[in-house]
Student: 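First the structure, then my questions, so here it is.
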Amino acid sequence: MLKTILITLLIVAISMVFLSVKVILKKNGRFPNTHVSGNKAMRERGIGCVQSQDREARKANPHAVAERK
């Protein structure tokens, strides 16, 4: 049991090192922006993030006509 946990922790630690090599070795290194809005080609095509589209859709329209109840 202990051997399995140690092997698992070692694998996770090695994976974390591999994932952060660029950030650690590069001066002022940062993780890349993988968000849809961070991609220039997607913005040019008018493709946005679902969360951003939802936020825009939920904004109150100042030109909307009030409905009667």
Student: Looking only at heavy atoms, what is the nearest atom pair of Thr8 and Thr4, with distance?
Tutor: OG1-O, 2.7 Å
Student: Which heavy atom of Val36 sits nearest to which heavy atom of Ile47, and what is that distance?
Tutor: CG1-O, 4.0 Å
Student: Can you confirm whether Ile14 sits close enough to Leu10 that some side-chain heavy atom of one is under 4.5 Å from a side-chain heavy atom of the other?
Tutor: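 In contact.
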Student: Taking side chain to side chain contact (heavy atoms under 4.5 Å, CB included) as the criterion, tell me which of Ile5, Ile7, Val12 meets it with Leu9.
Tutor: Ile5
Student: Just how far is it from atom CE of Met1 to atom CG of Leu6, taken to the nearest 0.5 Å?
Tutor: 11.0 Å
